[in-house]
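Here's the structure, in structure tokens; my notes come after.
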Amino acid sequence: MQQACFQFKTIGAPISSERYGNGHINETYLVKTDSKTWYILQKINARVFGNVRNLMHNITSVTRFLALKDSDPRHVLTVVPTLSGEDFLKDDEGYWRMYIFVTDSICLERAESDDDFRASGVAFGRFQSQLADFSAHTLHEVIPQFHDTVARLDALEAAYREDKFARSNDTNKEYGQIMLRKGDAGSVKDMVHDGKLPLRVTHNDTKLNNVMLDASTRQPLCVIDLDTVMPGLAGNDFGDSIRFGANFAAEDERNLQRVGLSLPLFRACAEGFLSTCKDSLSQNEIDTLPLCAKVMTLESAARFLTDHLKGDTYFHIKYPDHNLVRARTQLKLLESMEENYDAMRKIVREAASR
Ligand code: ADP
Ligand code: GN1
Ligand code: MG
């Protein structure tokens, strides 16, 4: 990692590097230099991203496009080239890339106020509307069927049946709870198939910790973690934000009594998101935002449980049953969304008519 730091065109020489952030996929390091500019160095997870060249093509083309609209380096992620001018480095350890560290910013694991979460909604809504005229066909589908929730449930079923690590007995209840809700996933898929929901260029991983806020004003600066920018559904970007950020508790809270949907946070995100992209959304897209929140939560439950059954090869874990804990948390959140579904729909209607 230390050698990799020196292979990029940094302003100033790297003087320290330390593991950074809470991402579940890549290995992230903060690199300080003897200049004022700091960097983020990432070892790209090549097991998750089979074709790193295509991945980096997506990221550089999207960031260049965004930079033409707003050249402030704090408003768009900036890829730092290697000494030989490439957008990533391949060495004996794997694939590396570097970004400019967004200065005077904060990146939150939990919203500290409704306004923090409103800012996240604004950032992802704005990201989507800024990319409305980006040519979607130039993007590679870096992870096929990434948000095909029906396919995610099929993958869970296969893992459950195979039961390679003899873990299925502990997951019968959760498996049943997920499969019971396949209809919701199918209804979104059918709407796409019938042309009722359009594919747009979306972020697809809209967690609060993938947004940078200004450290003093707490207004949104830019969206980061562009690995999964691909054609997708506007509702899934909204829904995944809600799943992660409108929960009273963390994504991996063990005490399920603490888990549930916060309607004030839901409202804040809906208002922020719709304030920046509602003019480009169809009525069907707006109407299905609450459904997409449920489906993204269901999908995450399925993905975490699948990874648990397959021996934890996808998401970083901190302890042996971490993915099972995450799956249980998602299911409890989903139940809470179901209980609050009418209120969620009302809030979205109100936010859309502001
Ligand atoms: P992962 O795909 O593993 O989630 P991310 O790209 O989201 O990786 O990076 C992990 C964390 O590193 C982020 O949540 C954020 O805290 C921090 N980070 C990433 N890129 C930047 C950046 N350009 N400036 C400041 N912090 C960053
Ligand atoms: C991963 O990379 P990170 O931590 O922002 C995952 C998302 C999941 C999320 C669950 C490429 O996001 O899809 O929703 O974990 N990213 C990828 O926390 O699979
Ligand atoms: Mg991330």
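Numbering of ligands and ligand atoms starts at 1, following listing order.
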TODO: Tell me which one of Glu27, Met212, His316, His24 gets a heavy atom nearest to atom 26 (N) of ligand 1.
DONE: Met212
Open item on the list: Heavy atoms only: which of Val211, Leu41, Asn26 lies closest to atom 3 (O) of ligand 1?
Closed with: Asn26
Task: For Phe304, the ligand 2 atoms whose distance to one of its heavy atoms is below 4.0 Å - done: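 Listed by number with element, the hits are 10 (C).
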For [X], is at least one N or O under 3.5 Å away from an N or O on ligand 1?
X: Asn22; result: no
X: Asp225; result: yes
X: Asn209; result: yes
X: Tyr99; result: no

Hey, is ligand 2 close enough to [X] that some N/O pair sits below 3.5 Å?
X: Ser300; answer: no
X: Asn22; answer: no
X: Glu251; answer: yes
X: Asn209; answer: no

Per-atom contacts of ligand 1 with [X], taking only distances under 4.0 Å to non-hydrogen atoms:
X: Gln42; result: 5 (P), 6 (O), 8 (O), 9 (O)
X: Asn210; result: 7 (O)
X: Ile224; result: 13 (C), 15 (C), 18 (N), 19 (C), 20 (N)
X: Cys107; result: 14 (O), 15 (C), 16 (O)
X: Tyr20; result: 12 (O), 17 (C)

Counting non-hydrogen protein atoms only, what is the nearest one to [atom]? Give residue, atom name and distance.
atom: atom 11 (C) of ligand 1; answer: Gly21 CA, 4.0 Å
atom: atom 21 (C) of ligand 1; answer: Ile40 CG1, 3.4 Å
atom: atom 1 (C) of ligand 2; answer: Ile25 CG1, 3.7 Å
atom: atom 14 (O) of ligand 2; answer: Arg243 NH2, 3.6 Å
atom: atom 12 (O) of ligand 2; answer: Asp205 OD2, 3.0 Å
atom: atom 19 (O) of ligand 2; answer: Tyr314 OH, 2.5 Å
atom: atom 10 (C) of ligand 1; answer: Thr28 OG1, 3.6 Å
atom: atom 9 (C) of ligand 2; answer: Lys207 NZ, 3.6 Å

Open item on the list: When you measure from the centre of the six-membered ring of Tyr29, is the NZ or CZ of Lys43 closer than 6.0 Å and no more than 45° off the axis?
Closed with: no
- [ ] Specify side chain, backbone, both or neither for Asn204, according to which of its non-hydrogen atoms lie closer than 4.0 Å to ligand 2.
- [x]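 For Asn204, there is no contact with ligand 2 at all, from either part.
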Open item on the list: I need the contact type for Asn26 against ligand 2. Using non-hydrogen atoms and a strict under-4.0 Å cut-off, is it side chain, backbone, both or neither?
Closed with: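 Under 4.0 Å from ligand 2, Asn26 contributes no heavy atoms.
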Part of [X] within contact of ligand 1 (heavy atoms, under 4.0 Å):
X: Val102; value: both
X: Leu77; value: side chain
X: Asp205; value: neither

Open item on the list: Just by distance, no angles: are the side chains of Asp115 and Ser113 close enough, under 3.5 Å, to form a donor-acceptor pair?
Closed with: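 There is no such pair (donor and acceptor under 3.5 Å, judged by atom type) between the side chains of Asp115 and Ser113.
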Open item on the list: Has Asp307 got a side-chain atom pairing as donor or acceptor with Tyr314's backbone, closer than 3.5 angstrom?
Closed with: yes
Open item on the list: Closer than 3.5 angstrom, by distance alone: can the side chain of Glu285 be matched with the main-chain N or O of Leu289 as a donor-acceptor pair?
Closed with: no
Open item on the list: Is the distance from the ring center of Phe101 to that of Tyr39 below 6.0 Å?
Closed with: no
Does [atom1] belonging to [X] count more than 12 external heavy atoms closer than 6.0 Å?
X: Lys310; atom1: NZ; answer: no
X: Gln257; atom1: CD; answer: no
X: Ile15; atom1: CD1; answer: yes
X: Gln3; atom1: CD; answer: no
X: Lys69; atom1: NZ; answer: yes
X: Arg161; atom1: CZ; answer: no

salt_bridge([X], [Y]) N-O dist < 4.0 Å:
X: Lys207; Y: Asp225; answer: no
X: Asp87; Y: Arg97; answer: no
X: Arg243; Y: Glu251; answer: yes
X: Arg328; Y: Glu174; answer: yes

Heavy-atom pair with the smallest gap, counting every atom of [X] and [Y]:
X: Asn209; Y: Cys107; answer: O-SG, 3.2 Å
X: Ala268; Y: Asp114; answer: CB-O, 3.3 Å
X: Pro290; Y: Arg345; answer: CG-CG, 3.8 Å

- [ ] Indicate the ring-plane relationship of Phe88 and Tyr95, choosing parallel, tilted or perpendicular according to the 30° and 60° boundaries.
- [x] tilted
Task: Mutual orientation of the aromatic rings belonging to His140 and His57 [parallel < 30°, tilted 30-60°, perpendicular > 60°] - done: perpendicular
TODO: Please name the atom of Asp225, restricted to N, O or S, that is closest to the Mg ion (ligand 3).
DONE: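 The closest N, O or S atom of Asp225 to the Mg ion (ligand 3) is OD2.
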Open item on the list: I'd like to know: is the Mg ion (ligand 3) within the 2.8 Å range of an N/O/S atom from Asp205, strictly under that distance?
Closed with: no
Open item on the list: Can you tell me if, anywhere in Asn22, an N/O/S atom lies at a distance from the Mg ion (ligand 3) that is smaller than 2.8 Å?
Closed with: no
Does ligand 2 have an atom under 4.0 Å from some heavy atom of [X]?
X: Asp227; answer: no
X: Arg326; answer: no
X: Arg303; answer: yes
X: Phe244; answer: no

Open item on the list: Taking a cutoff of less than 4.0 Å between a non-hydrogen atom of the residue and any ligand atom, is Ile100 in contact with ligand 1?
Closed with: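 Yes, that is the case, since the closest heavy atom of the residue is under 4.0 Å from the ligand.
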Open item on the list: The test is ring pair (Phe, Tyr, Trp, His ring centres under 6.0 Å); show your working for Phe238 and Phe273 and say whether it passes.
Closed with: CA-CA 7 Å; Phe238 174 75; Phe273 186 77; 5.5 Å; yes
